[in-house]
Number of protein chains: 2
Amino acid sequence: MSAVSCTAAVGRPRAFDMQTALEKALDVFWTKGYDGASLSDLTSAMGINKPSLYSAFGNKEQLFLKAIEFYETRPCGFFKPALAQSTAYKVAEFMLLGAAQTMSDPSHPQGCVMVQGALACSEAAAGVKEVLIKRRQQSESDLRDRFELAKAQGDLSSDEDTEALSRYLCTVVNGIAIQASSGASEAQLVDVANMALKSFPRNS
Amino acid sequence: MSAVSCTAAVGRPRAFDMQTALEKALDVFWTKGYDGASLSDLTSAMGINKPSLYSAFGNKEQLFLKAIEFYETRPCGFFKPALAQSTAYKVAEFMLLGAAQTMSDPSHPQGCVMVQGALACSEAAAGVKEVLIKRRQQSESDLRDRFELAKAQGDLSSDEDTEALSRYLCTVVNGIAIQASSGASEAQLVDVANMALKSFPRNS
DNA sequence: AGGGTTATATACTCTTTAGTACAATACAAC
DNA sequence: GTTGTATTGTACTAAAGAGTATATAACCCT
């Protein structure tokens, strides 16, 4: 009954790997969205039965939240590496090209689960929709903070509107997500990314 | 049994207006998406019972298709007016600003039903998802055709890649749809539109 | 006024949905 | 080996899903 998920080796051991199961669940939500993903879809993709799912992850909503948490922190993400670039322009470049490449990558579902996981949805999904909106807004303000830093460091002109800049970038990234989920190729999305970059101020 | 929907005044007259009912249905699909919109949601919004819905519109899928058909052709759309602008740049400007205004308009659901109606969805919605993708791609190629015309008319340089240009614009418009459906204001979206316009070639 | 025709409301069908009860099972600790 | 604990598989529940049968009501035409 402890709140922390302790790995005490007591009782029958779990027969599946939670991390792999979570990845499978993520793929289902990514492809079908929260409303479109049924528990049957989830359990059959995860290779487990419903009681195992419920005991390990809570319920459908909590499973979704854990899945997108994993999505955000897994190594192949492009967002955090983008923020770590050395100049504002390089941040924007890394972000747009990273989005173009990652979202069309055929080794996982196309697009972005943070966008298509719950965009227009039932009341049952209203909670997760709000969470996704908040996360996207958080990304936007993280990006703005990075550009404020760039101003302080002198690689972004001080009269730039960092909020508008970050919103513009996130808008294009979201648009790229739509295109990718509609079947656009990496090459096509890289073109879009490069065209979007033309609007971005460079101080060279 | 005739295939054409003739308005023969025979039998009991319909007690509701099909057009208004269709608009109500559109609002539901727009807000909840295809998967998230239940028949109860639809019938209660339309103010009719299920048999009326089925006799008037076929089934859920056909109702959705008729709803988006109405969506595309209703007067408040911005796409066709954009194509009618006199120069390539004005087309782009009208398109982006029109998207920013229309999609944040509080007089109807925010965002774009062609995007959020069925983005990631169940197998039951796979058909309508494909239709939406095709419609969006059609818009993209209509825009490209318009830019090809602009080349011929001399208001767009002949070495521009019209396909990349139209894809870029549609990507930003789709991104604006996401932002609007997440609660962005018109002013914020107009900023995005103007920033996106900076990438667009002007021959002035 | 009566017959033909179509829409309406109620009540139903069958399937699928999310979530759970329970008995059997597999391990650690003693 | 027995006990305690936690997971597993099967079978279940109650609600909601899409779609329909049927009887009644409202209209036009003759």
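All chains are named by letter (A, B, ...) in the order of the sequence lines, taking the proteins before the strands, and each is independently numbered beginning at 1. The basis for the numbers below is simple: all heavy atoms, side chains too, and nothing from hydrogens, waters or symmetry mates.
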Whether A:Phe16 and A:Phe57 hold their rings parallel, tilted or perpendicular, with breakpoints at 30° and 60°: tilted
Mutual orientation of the aromatic rings belonging to A:Phe200 and A:Phe147 [parallel < 30°, tilted 30-60°, perpendicular > 60°]: tilted
pair B:Ile176-B:Val172: side-chain heavy atoms closer than 4.5 Å: yes
Heavy-atom side-chain proximity of B:Leu83 to B:Leu143 below 4.5 angstrom: yes
I'd like a table of donor-acceptor pairs (distance under 3.5 Å, sequence neighbours excluded) in which one partner is a side-chain atom from residues 74-81 of chain A, with atom names and distances.
from    : atom 1 : to      : atom 2 : distance (Å)
A:Arg74 : NE     : A:Tyr71 : O      : 3.2

A:Lys151 atom NZ, neighbour heavy-atom count above 12 within 6.0 Å: yes
Where at least one partner belongs to residues 83-105 of chain B, residue pairs that pass salt bridge (Lys or Arg N to Asp or Glu O under 4.0 Å), sequence neighbours excluded: none
Residue pairs, two or more places apart or on separate chains, that pass salt bridge (Lys or Arg N to Asp or Glu O under 4.0 Å) and touch residues 123-141 of chain A: A:Glu72-A:Arg135, A:Glu123-B:Lys32, A:Glu140-A:Arg167
Any A:Asn49 side-chain N or O less than 4.0 Å from OP1/OP2 of D:dT8: no
B/S/- contact track for nucleotides 24-30 of chain C, protein heavy atom under 4.0 Å: -BBBS--
Proximity to DNA chain C (any heavy atom under 4.0 Å), residues of residues 51-68 of chain A only: A:Pro51, A:Tyr54, A:Asn59, A:Lys60
Residues touching DNA chain C, which here means a heavy atom under 4.0 Å, drawn from residues 17-48 of chain A: A:Ala37, A:Ser38, A:Leu39, A:Ser40
Straight-line distance of A:Asn49 CG to A:Leu39 CG, nearest 0.5 Å: 12.0 Å
Atom pair CD (A:Gln137) and CD (B:Gln179), whose distance is rounded to the nearest 0.5 Å: 8.5 Å
Value in whole Å for how far the P atom of D:dC28 lies from CZ of B:Arg14: 15 Å
